[in-house]
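Every chain is numbered from 1 and lettered A, B, ... according to where its sequence line falls, protein lines coming before strand lines.
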Amino acid sequence: MTTIKQLSIFIENKSGTLIKVLNLLSDAKIQIIASTIADTQDYGIYRVLCSAPREAFTILKENGINVQLTDVLAIAIEDEPGKAATAINALSDAGVNILYMYSFLWQGKGVLVMRTDKSDEAMQVIARKSIILLDEDNFKN
Amino acid sequence: MNNIIPNDNCPFFNEKMETMTRAEIEALQLERLQATVRHCMNSPFYKKRFQEAGITPEDIKSLDDIRRIPFTTKQDLRDTYPFGMASVPLRECTRLHSSSGTTGTPTVILHTRKDLEEWAAQVARNLWMVGLRPDDVFQNSSGYGMFTGGLGFQYGAERLGMLTVPAAAGNSLRQIKFITDFGTTALHAVPSYVTRLYEVMRSIDVDPRRDTKLKVLAIGAEPHSEEQRRRIEEMMGVKAYNSFGMSEMCGPGVGFECQEQNGLHFWEDYYIVEIVNPETLEPVPDGEIGELVLTTLCREAMPLLRYRTRDLTRVLGRSCPCGRNHVRIDRMRGRSDDMMVLRGVNIFPIQIEKILMNFSELASNYLITLTTDKENDNMLVEVELEELFTDDFHRLQDLTKRIQRALKDEILLTPVVKLLPKGTLPVSDGKAVRVVDKRTVYQ
Ligand SMILES: [Zn+2]
């Protein structure tokens, strides 16, 4: 059981940072698996799951991009309706706060990504509920 | 013109002028101010100025009456380009120095033969003050030509009687060869070039302490801090003295540090020094920072009355253990052009910069934008993030608030603070743009 590494990239609204990031990743043949932008009035954070997060981090940093590697949890929510709600309820009961989450389809299956304020406790809760936690190998090319 | 050189053991180059009491200085200044003002009436520019202000030279009865004379600005020099401010016919002039200026219209400063002699005498006085004598070898690594740091120091060092090495700017290896081959004891350079020379010396295994006879550096023409001076002294193993010059006055020579290194003596037999509030233009008390305003007292070709230098500084004192009572002026603190007036508060970019540099999360590039909103002035401070330390918006917003609070404590106004990704702020010619004023009524 483990967390996976997500890229968090600081971008300015209306700036070219996003295009620069996409070009850098594409040039390095790094595949974007899922991404989401959260923004405020002034700036945004572009969150990316990709095939090689550490390599991507190094490339982006060397090119002057404000980037961080963030630990997130990714759980499989395919085939079992209600599993996502169960997971979130269980986390909430255990006093774990979800800072943000997003979901996507990966090879036809649903994946829910979340960042919590207590990832160790979150992982224990998820294990007790027999929810499948995905690791980085699941997203390799 | 008196071309006598004193005995080596005399601490003064012009003992009579340098050791005057305050009363003697002020009496001489009044006499010279009255003569200068009368002479200015030969200049069409000043003649008109005085008529417009409703004053005549006879109205200047005391030194305080100088405040009745309107200020002269750089714009006046541009407007009268090239010869509109001359107070003598051109046939009496023997040289001009022109500055191209970054904003377009150039300016011209004219000199008579006597102006050049007086200028050389001021520079010689400065170099003598810091211990240089005819036995010394003086190397000048200033650019020559229109830049006054070249010819200004050249003629001054010759007037003192030193062996001069007019090396001019650049070619560090050649500079170092001159220093070692000719036994250079004194070097004039801009502070950043001294640092460069030191690096080159090290790369070719020249130790300034072991392999040169250097003992004095004259540094100027570039704003620098006390810390930078101490670093230079430490590197080169010599004393470094701060020089103030301004082509409008003549060039280098106007002010120079004595061996006390506690402020620059401005030569009050040549200039009247005023420090004024750049907004109200009223004089500020000694010790308070304001804009330096200079009036020339000995110039023939182009005297300037109450010239606004835009340099910000303060008076440190009017006496000195060195025996000179000429006013001591602090090193320049910045330019009044940089000052922002926001809701009646005077703010300098350097104040903002100082606060931002205290946050390790921030990069060094920032931009201040002033805007008007419903007749209120607002300040936006955009600053680049050095490292993305979190992907949590709350923590980013908390950082924004902490920056805002720290800025408010410093400038007494609450600016809008915006974090930006690294590398997104504009940079022009490699130099960062710091302030953009978009206010509808520009002050
Ligand atoms: Zn002194």
Side-chain angles (χ1 to χ4, degrees), chain A residues 3-24 35-50 53 56-73 97-102 113-119, chain B residues 352 356-357 359-371 373 378-408 414-428 430-434 436 438:
Chain A
T3 56
I4 63 174
K5 297 288 181 195
Q6 168 201 269
L7 299 169
S8 299
I9 298 150
F10 190 62
I11 56 173
E12 188 194 11
N13 293 349
K14 290 176 281 176
S15 88
T17 317
L18 189 57
I19 292 161
K20 191 174 165 189
V21 168
L22 292 173
N23 285 332
L24 286 167
S35 70
T36 172
I37 293 178
D39 60 357
T40 68
Q41 207 177 346
D42 292 330
Y43 49 77
I45 294 177
Y46 180 45
R47 298 181 174 121
V48 180
L49 285 187
C50 65
F57 173 78
T58 309
I59 290 166
L60 294 179
K61 209 167 161 62
E62 278 170 359
N63 282 279
I65 303 287
N66 287 133
V67 58
Q68 193 198 34
L69 273 180
T70 314
D71 289 320
V72 292
L73 299 170
N97 292 310
I98 295 170
L99 301 175
Y100 56 78
M101 62 181 190
Y102 53 95
V113 178
M114 62 177 84
R115 187 176 158 220
T116 65
D117 58 349
K118 299 173 189 125
S119 50
Chain B
I352 312 265
L356 296 178
M357 293 310 114
F359 287 87
S360 58
E361 298 92 335
L362 303 178
S364 56
N365 209 2
Y366 67 93
L367 178 69
I368 300 165
T369 307
L370 307 177
T371 54
D373 170 39
N378 291 308
M379 182 190 285
L380 167 68
V381 176
E382 292 173 289
V383 60
E384 292 179 3
L385 207 57
E386 176 64 35
E387 294 280 338
L388 185 64
F389 57 96
T390 178
D391 82 335
D392 183 347
F393 279 113
H394 294 291
R395 290 188 56 199
L396 287 170
Q397 255 133 27
D398 175 62
L399 172 64
T400 307
K401 284 198 191 105
R402 282 188 291 126
I403 298 168
Q404 207 171 32
R405 267 200 304 273
L407 286 172
K408 185 180 183 228
T414 308
V416 176
V417 173
K418 186 176 167 187
L419 300 175
L420 293 177
K422 217 172 170 180
T424 47
L425 281 175
V427 174
S428 66
K431 199 169 169 250
V433 181
R434 292 308 191 199
V436 175
K438 292 179 176 168

Heavy atoms from other residues, nucleotides or ligands near NZ of B:Lys408 exceed 12 (cutoff 6.0 Å): no
Least distance between heavy atoms, A:Ser8 atom then A:Tyr100 atom: OG-OH, 4.4 Å
Under 4.5 Å from a heavy atom of chain A, the part of B:Gln397 involved: both
Side chain, backbone, both or neither of A:Asp117 within contact of chain B (heavy atoms, under 4.5 Å): neither
Any donor-acceptor pair under 3.5 Å from A:Gln6 side chain to A:Arg47 backbone: no
B:Glu384 side chain vs B:Thr424 backbone, donor-acceptor pair below 3.5 Å: yes
A:Ile65 portion near chain B, given a 4.5 angstrom heavy-atom threshold: neither
